[in-house]
There are 2 protein chains.
Amino acid sequence: MLTRGKLATETGCNIETIRYYENIGLIPAPDRTASGYRSYNEEHLRRLNFIQRARALGFTSDRIQGLLELTDAEGSHTRADVKSLTEAHIDEITEKIRDLQQIKRRLRQISSFCDGSSESATSCPILESLFEDSNGSR
Amino acid sequence: MLTRGKLATETGCNIETIRYYENIGLIPAPDRTASGYRSYNEEHLRRLNFIQRARALGFTSDRIQGLLELTDAEGSHTRADVKSLTEAHIDEITEKIRDLQQIKRRLRQISSFCDGSSESATSCPILESLFEDSNGSR
DNA sequence: CTAAACCCTGTAACTGGTACAGAGTCAAGC
DNA sequence: GCTTGACTCTGTACCAGTTACAGGGTTTAG
């Protein structure tokens, strides 16, 4: 029905990435034509779109795998499972944001020590604060 | 003066990572003892500490390379150069934070659609919103 | 019928390291 | 002076998460 190239243009996914997803088991291996070409169906399209959207939301492939397994195994999993996976992800993102904000504060601070003048870089307070044992880092 | 292992414990850097930094040119190749052991000096220690601190602040090795070159080439670079590299990095972090916040908002939104009940995951609104063509994503 | 455009496979590249095997070396204890 | 254990040396392979490319076969359009 769909060749690999068609699936790629349809989903916006790189054509090689599709093969990679098959290798790591994110996408089931499709049927092959007589000559060995991969033949994808609507379900593959749906699944790859899912993966693309989940990736855009920063889910790791492990967690995407987990989400997809919840949809595969019929009946045995609950909405609570899905929600807890999602919320674990939200928590991770929150933490990442907090880390980045702290780094940014520290960078702003050390940047403010430097006047940005045309003086030699060797005596620049930014570099010095990176060379010296820092008091307020991390 | 310092063996590779001493430098590693002194800086908290993994011993293999030191060799890696030498390979990619972040750290200059040290002198060797008669038997071929690497012999580091105070300057290497200083430089590796610099790298560790810059990494902790999220600088990529390219940019760390850039910062270190500013200190190496005497006189030809200015504080303004250092400051602009630092501010470019701050801008990148700002952007990353913004992206993550947007992702988080979207995740909160789709998570709120789901009651987290013990009903089957297959009809879970979170999964559905990942499968369907999303209106408000990205 | 031919040429372009596609697909197949395996494999290497990328970043930022980490790890391991097999060989040599150093320092301490007996 | 010799052994043992801890260290170091080199090259190489591995992780995620792709991307790219070489060298071959296939399909499709003109």
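First the proteins, then the strands, lettered A, B, ... as listed; each starts at 1. Computed over heavy atoms, backbone and side chain alike; hydrogens, waters and symmetry mates excluded.
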**Study point:** Nearest-angstrom distance from the residue atom OH of B:Y37 to P of C:dC26
**Key:** 6 Å
Check your understanding: What is the distance from CG of A:N14 to P of C:dC6, rounded to the nearest Å?
Key -> 14 Å
Practice item. Give a yes/no answer on whether the side chain of A:R4 brings an N or O atom under 4.0 Å of OP1 or OP2 in C:dC8. Key: yes
Review point. Taking NZ from B:K6 and C1' from C:dA27, how many angstroms apart are they, rounded to a whole number?
Key: 11 Å
Practice item. Check whether any side-chain nitrogen or oxygen of A:R38 sits under 4.0 Å from OP1 or OP2 of C:dT9, and answer yes or no. Key: yes
Practice item. Give the minimum heavy-atom separation between B:S61 and B:I24, together with the two atoms involved. Key: CB-CD1, 4.4 Å
Revision key, fill the gap. Rounded to whole Å, CZ of B:R63 lies from P of C:dT15 at a distance of 14 Å
Check your understanding: Quick check: does any side chain N or O of B:R79 sit under 3.5 Å from a backbone N or O of A:S117, one acting as donor and the other as acceptor?
Key -> no
Check your understanding: Could you give the CD-to-P distance, from B:Q65 to C:dG17, as a whole number of Å?
Key -> 13 Å
Exercise for review: Using whole Å, report how far OH of A:Y20 lies from P of C:dA13.
Suggested key: 18 Å
Study note, to complete from the structure: Ranking A:E16 and B:E16 by the position along DNA chain D of their nearest nucleotide, the one closer to 5' is B:E16
Practice item. Look at B:R55 and C:dG17 and indicate whether a side-chain polar atom (N or O) is within less than 4.0 Å of OP1 or OP2. Key: yes
Review point. Is a salt bridge present between B:R19 and B:E16, judged by a nitrogen-to-oxygen distance below 4.0 Å?
Key: yes
**Study point:** Distance-only donor-acceptor test, A:Y21 side-chain atoms vs D:dG17 base atoms, 3.5 Å
**Key:** no
Exercise for review: Tell me, with the steps shown, if A:R53 and A:N49 meet side-chain contact (heavy atoms from CB on, under 4.5 Å).
Suggested key: CA-CA 6 Å; A:R53 289 188 198 111; A:N49 274 325; 3.8 Å; yes
Check your understanding: C:dT9 P sits how many Å from A:E22 CD, rounded?
Key -> 8 Å
Point to revise | A:I18 CD1 to D:dT18 P, straight-line distance once rounded to whole Å | key: 12 Å
Exercise for review: Classify the side chain of B:R19 versus the base of C:dG17 as yes if they form a donor-acceptor pair under 3.5 Å and no if they do not.
Suggested key: no
Revision key, fill the gap. Between B:K104 and the options A:L57, A:I97, A:D91, the side-chain contact (heavy atoms from CB on, under 4.5 Å) test singles out A:I97
Exercise for review: Answer with base, sugar-phosphate or nothing: what part of the nucleic acid does A:I24 contact at a heavy-atom distance below 4.0 Å?
Suggested key: nothing
Review point. Under 4.0 Å between a side-chain N/O of B:R32 and OP1 or OP2 of C:dT25, yes or no?
Key: no
Revision key, fill the gap. Contacts of B:S35 and B:S61 projected onto DNA chain C by closest heavy atom; the upstream (5') one is B:S61
Review point. Do the side-chain N or O atoms of A:T17 get closer than 4.0 angstrom to the phosphate oxygens (OP1, OP2) of D:dT18?
Key: no
